[in-house]
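Some notes on the structure that comes next.
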Amino acid sequence: AGNRGSELRRMEQASGTYMFMALDAKGEERLLIFGVHKGCKHRDGGRLHAERLVKELVREKLADDGRRGRAPSRSSSRGPSPAAKRR
């Protein structure tokens with residue numbers, strides 16, 4: 001998990017939630033967000049706050065990759081892309 005794990009822990013602390021990655025029925029990685037409080041879109045705390053933090057982190061990562069001229073890459077822990085599996 002490395003840096004990704006530390007970012008999840010940081011967002012958990014900020015939102016009061018518990019998050020982890022899991023594989024769905026298709027074998028694709030999904031982020032699960034658990035918490036007692038749903039929260040709301042515009043306040044801190046709860047599952048909606050955690051979702052907002054994740055979306056912000058993804059936007060920052062994509063913008064940073066764009067500035068560097070790199071195409072977004074798949075994590076090595078995720079394995080080959082679905083297209084690569086079909087080849």
Side-chain angles (χ1 to χ4, degrees):
N3 189 41
R4 181 171 62 171
S6 64
E7 285 297 324
L8 284 178
R9 302 296 81 83
R10 182 187 62 77
M11 291 182 288
E12 284 177 339
Q13 289 294 315
S15 63
T17 60
Y18 176 68
M19 298 187 274
F20 64 93
M21 302 300 293
L23 298 179
D24 66 10
K26 295 178 183 179
E28 296 178 0
E29 204 169 32
R30 302 288 181 196
L31 175 64
L32 304 176
I33 301 173
F34 295 91
V36 175
H37 303 290
K38 179 180 177 182
C40 78
K41 284 188 168 192
H42 307 291
R43 292 193 181 161
D44 290 351
R47 297 184 307 273
L48 290 175
H49 179 216
E51 181 180 1
R52 190 172 73 241
L53 291 172
V54 170
K55 287 179 179 182
E56 289 171 2
L57 182 66
V58 169
R59 266 194 304 272
E60 289 172 10
K61 172 74 170 133
L62 291 174
D64 186 48
D65 285 351
R67 282 190 294 274
R68 292 182 186 176
R70 297 181 5 202
S73 64
R74 292 180 66 84
S75 168
S76 61
S77 67
R78 293 181 65 186
S81 70
K85 290 179 184 178
R86 289 191 291 262
R87 292 183 194 154

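Just so it is clear, the model here is predicted, and its values are computed rather than measured.
Hydrophobic clustering, with ILVMFWY side chains joined whenever heavy atoms are under 4.5 angstrom apart, keeps M21 apart from L32. Transitive grouping of hydrophobic side chains (ILVMFWY, heavy atoms separated by less than 4.5 Å) keeps L53 and L48 in distinct clusters.
When every heavy atom of T17 is checked against every heavy atom of A50, the shortest pair comes out as OG1-CB, 3.6 Å. Closest non-hydrogen pair, R43 versus H49, comes out as O-CB, 3.8 Å.
Classified by interplanar angle (parallel below 30°, tilted 30° to 60°, perpendicular above 60°), the ring pair F34/F20 is parallel.
A distance-only check finds a donor-acceptor pair linking the side chain of R9 to the backbone of M19 [under 3.5 Å].
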Q: Carefully, step by step, assess R52 and K55 under the rule side-chain contact (heavy atoms from CB on, under 4.5 Å).
A: CA-CA 5 Å; R52 190 172 73 241; K55 287 179 179 182; 5.8 Å; no
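Salt bridge absent: E51 and R47 never bring a charged side-chain N and a carboxylate O closer than 4.0 Å.
Here CG of L23 is found 10.0 Å from CZ of R30. Values are rounded to the nearest 0.5 Å. With rounding to the nearest 0.5 angstrom, the CG atom of L62 is 10.5 Å from the CZ atom of R67.
You'll find the side chain of K61 stays beyond 4.5 Å of the side chain of D64, heavy atoms only.
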